[in-house]
Protein chains: 2
Amino acid sequence: MASDGSKPSPELLEEFSQFFRLLSEPARLQLLCELKQGPQDVAALIGATGFSQSHISRQLSQLQRAGLVCCERDGVRAIWRTDDDVVEDLCNLVQNHFMQRLEQQLKQLQAVP
Amino acid sequence: MASDGSKPSPELLEEFSQFFRLLSEPARLQLLCELKQGPQDVAALIGATGFSQSHISRQLSQLQRAGLVCCERDGVRAIWRTDDDVVEDLCNLVQNHFMQRLEQQLKQLQAVP
DNA sequence: GTCGTTTATGCGCTTACAGTCATAAGGGTG
DNA sequence: CACCCTTATGACTGTAAGCGCATAAACGAC
């Protein structure tokens, strides 16, 4: 990383890993995907994912701490939304990595006999 | 994600999360950073990180399965290397996210009084 | 005020995995 | 062959965190 040959500090490394840990849980990724469709309250997310209310609430607050989602309150209702494209960009990069890896494996198989 | 409004399949979501899980451990990120400096064997990585030999070996094989590192054997010695820039690109995106977030917070604080 | 609804949180269970130690496996050297 | 060096792996422990249940807190409707 850092492309200039320098190594990132342990603190930065820790922050990176914490951020990636957020995305290492399918449940949280799924919630982010659902919110990409548009702002929703927890009830709608329960319907879309099947997770328990408490679970969803917890995961959303984790994502909120990282600035990946935010909510505006309508009385007691909380409407959650995501206005950040980082996760989408990250996933696209990873997907490209998957594809390049598969193409490479395919080539190696084709090259033998 | 998918930017066309469609939601990725549960299987793809699972693969994404597994990949991010790899990066959710500071030890693995650090190993990747060390290998960015140039190919090394396990002994050199022990010296650079202070981790135990078995720990390093395990983490490297996890990274290898994901195609993030590979090793060429020199007799019994294993020289590990990373020739993929995905992780670096991912970290740069995340770092931009951090910076934008901090700038936004700064603006909000400046706007108040 | 009471009641119903929506979200947040304390508690407990359970699973996953980082990390260590000891050991095995594979290769070099005499 | 025996001996040493390097890496991989089985067994184990401790801890972090997902997940649900029950409950509390906050707000609106009556």
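The sequence lines fix the lettering, A, B, ..., with proteins before strands; numbering per chain opens at 1.
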What is the separation between atom CZ on A/Phe51 and atom C1' on D/dA17, rounded to the nearest whole Å?
15 Å
Take atom CD of A/Gln30 and atom C1' of D/dG18, then tell me their distance rounded to the nearest Å.
14 Å
Nearest-Å distance, CZ (B/Arg73) to P (D/dT7)?
8 Å
With sugar-phosphate taken as primed atoms, P, OP1 and OP2 and all else as base, the protein-contact string of nucleotides 21-30 of chain D at under 4.0 Å (heavy atoms; B, S, -) is BB---B----
Separation of atom CG in B/Leu60 from atom P in D/dA8, rounded to whole Å:
8 Å
What pairs of donor and acceptor atoms, side-chain ones from residues 14-29 of chain A against any protein atom, are under 3.5 angstrom apart with sequence neighbours left out?
residue	atom	partner	partner atom	Å
A/Glu14	OE2	A/Gln18	NE2	3.4
A/Ser17	OG	A/Leu13	O	3.4
A/Ser17	OG	A/Glu14	O	2.8
A/Arg21	NH2	B/Ser24	O	2.7
A/Ser24	OG	A/Arg21	O	2.6
A/Arg28	NE	A/Leu22	O	2.6
A/Arg28	NH1	A/Gln59	OE1	2.7
A/Arg28	NH1	A/Gln62	OE1	3.4
A/Arg28	NH2	A/Arg21	O	3.2

Measure from CD1 on A/Ile46 to P on C/dT5 and round the result to the nearest Å.
14 Å
Pairwise distance CG(A/Asp84) to CG(A/Leu63) - rounded to 0.5 angstrom:
11.5 Å
Can you tell which of D/dG18, C/dG19, D/dT7 lies closest to the side chain of A/Gln62?
D/dG18
Out of D/dT7, C/dA18, D/dA17, minimum distance to the side chain of A/Arg21 belongs to D/dA17
Would you indicate whether the side-chain heavy atoms of B/Leu60 and B/Ser57 approach each other to under 4.5 Å?
no
Do the side-chain N or O atoms of B/Arg28 get closer than 4.0 angstrom to the phosphate oxygens (OP1, OP2) of C/dC17?
no
Starting from C1' on D/dT6, measure out to CD1 on B/Ile56 and report it in whole angstrom.
13 Å
With a 4.0 Å cut-off on heavy atoms, is B/Gln64 in touch with a base, just the backbone sugar-phosphate, or nothing at all?
nothing
When the distance from CZ of A/Arg65 to C1' of D/dA17 is rounded to whole Å, what number comes out?
12 Å
Residues passing the side chain to side chain contact (heavy atoms under 4.5 Å, CB included) test with A/Ile46, sequence neighbours excluded, are A/Val42, A/Gln53, A/Ile56
Taking only the side-chain heavy atoms of B/Asp41 (C-beta and beyond), determine which of C/dT7, D/dC19, D/dT7 contains the nearest atom.
D/dT7
Distance check needed: C/dG19 C1' versus B/Leu45 CG, whole Å only.
17 Å
Just to verify, what does B/Gln100 make a side chain to side chain contact (heavy atoms under 4.5 Å, CB included) with, not counting sequence neighbours?
none
Pairing residues for B/Ala44 by the side chain to side chain contact (heavy atoms under 4.5 Å, CB included) criterion, not counting sequence neighbours:
B/Gln40, B/Asp41
With sequence neighbours left out, what residues match A/Glu72 under salt bridge (Lys or Arg N to Asp or Glu O under 4.0 Å)?
A/Arg81
